[in-house]
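Taking it in order: structure first as structure tokens, then the write-up.
Both counts, for ligands and for their atoms, begin at 1 and track the order of listing. Below, all heavy atoms of this structure are taken into account, side chains as well, without hydrogens, waters or symmetry copies. The structure presented is a predicted model; accordingly, all values stated were derived computationally and were not measured.
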Amino acid sequence: MPSALNADLHCHSTASDGTLAPAAVAALAARNGVALWSLTDHDELSGQAEAAAAARRLGMRYLPGVEISVTWAGRTVHIVGMNVDPTSAVLNEGLVHARSGRTRRAQEIGERLASLGIAGAFDGALAHVGNPDLISRTHFARWMVERGVVADLQTAFSRYLGDGRAACVPHRWSRLADAVGWILASGGAAIVAHPGRYDFTPLEFDVFFGEFRKAGGTAIEVVTGSHTPDQYDEYADVARHYGFLASRGSDFHGPGETRAEPGTLPALPRDLTPVWAQWL
Ligand code: AMP
Ligand code: MN
Ligand code: MN
Ligand code: MN
């Protein structure tokens, strides 16, 4: 029964905005009983070799992954590429393009925070960065918590860094069809990450899922640490309605942060076809 397998196909490491190295995330996943694992850093594959080697040592099956930032209809959405080939030239060239502009944007975030009376944020965030190509809002949020500017990460986003807040610098990420195309060209499957996080109307969702499918996308995340339990049911229904395969992943970023630990979420509903069934 593939849906009963403890699969966690969405985790972050210091190669993007996680706080643990790939091998340490692997160790935590294995300790929690994960049998099939994927590290899916934002716009970045540099953690894949370490993740795959650690998974092998720990007796977990491994699928190479990535989470690509996309701008669709003026909003940011995330597309997970699963079982991609980390050596694919098309995917790597696409991700170089995807990462470019992050540093300039981060400088602007620093300037906005300074104008709000919070000085030194760019350098502060940089001190939290594991991969200099991949500075993200999460690093600013961690610095703001460390400095006592806010009590927790959630407040850093709701007050300053979240979409539309005063220190959020809008950014043009990759195009949906490009991101899905890079994933398919590298032999992977494209999965809509945490659809419950997007502030779309039902009509916008319908257009979005239609474009995603037309580009070659086949799956959505149903059980994720970025959904509420009510949203597990809601997006299980969406998967049934559109005939999408289903995925499960913690979206783990680090111990003590808000999302679930690797491998600890409920199983997918048994009637859905897990995206991983095609690779077992
Ligand atoms: P960026 O890629 O720089 O736009 O940063 C996006 C990252 O910020 C996401 O991958 C999440 O890890 C984090 N993030 C976004 N919104 C929130 C939130 N409300 N609470 C905590 N983390 C968030
Ligand atoms: Mn993140
Ligand atoms: Mn995401
Ligand atoms: Mn993620």
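Looking at Asp251 and the Mn ion (ligand 4) together, the shortest N, O or S contact belongs to OD1. When you scan the N, O or S atoms of Glu67 for the one nearest the Mn ion (ligand 4), you land on OE1.
For Asp43 and Arg99, the salt-bridge test fails: no basic side-chain N is under 4.0 Å from an acidic carboxylate O. For the pair Arg56 and Glu50, the salt-bridge criterion is not met [side-chain N within less than 4.0 Å of a carboxylate O]. Salt bridge Arg142/Asp152: absent, no basic N to carboxylate O contact under 4.0 Å.
Of the heavy atoms in Arg259, only side-chain atoms (C-beta onward) come closer than 4.0 Å to ligand 1. Within the 4.0 Å heavy-atom criterion, neither part of Leu161 lies near ligand 1.
Scanning the protein for heavy atoms near atom 19 (N) of ligand 1, the closest one is Gln154 NE2, 3.1 Å. Among protein heavy atoms, the minimum distance from atom 14 (N) of ligand 1 is reached at Phe157 CZ, 3.2 Å.
Between atom 5 (O) of ligand 1 and the options Arg137, Arg197, His139, the minimum heavy-atom separation is to Arg137. When the heavy-atom distances from atom 1 (P) of ligand 1 to Arg105, His42, His12, Glu67 are ranked, the shortest goes to Arg105.
A donor-acceptor contact closer than 3.5 angstrom links the side chains of Glu67 and His194. Between the side chains of Asp17 and His42, a donor-acceptor pair is found at a separation under 3.5 Å.
Between Ser69 and ligand 1, no N or O atom pair is found at a separation short of 3.5 Å.
Figure legend: cation-pi geometry between Arg112 and Tyr160 absent, as NZ or CZ is not positioned both under 6.0 Å from the six-membered ring centre and within 45° of its axis.
The Mn ion (ligand 2) lies at the vertex of an angle of 100° between the OD2 atom of Asp17 and the NE2 atom of His42 (rounded to 10°).
Atom CZ of Arg147 is surrounded by 12 or fewer heavy atoms from other residues, nucleotides or ligands within 6.0 Å.
Residue side and main chain included, His10 places an N/O/S atom under 2.8 Å of the Mn ion (ligand 4). The Mn ion (ligand 4) lies under 2.8 Å from an N, O or S atom belonging to His12.
Aromatic ring pairs are classed by plane angle as parallel below 30°, tilted from 30° to 60° and perpendicular above 60°; the pair Phe140 and Phe122 is tilted.
Heavy-atom proximity to Thr138, at under 4.0 Å, picks out these atoms of ligand 1: 7 (C), 8 (O), 11 (C), 12 (O), 13 (C). Within ligand 1, counting atoms from 1 as listed, the ones closer than 4.0 Å to a heavy atom of His253 are 12 (O).
In this structure, Arg102 counts as a contact residue of ligand 1, since one of its heavy atoms falls inside 4.0 Å of the ligand.
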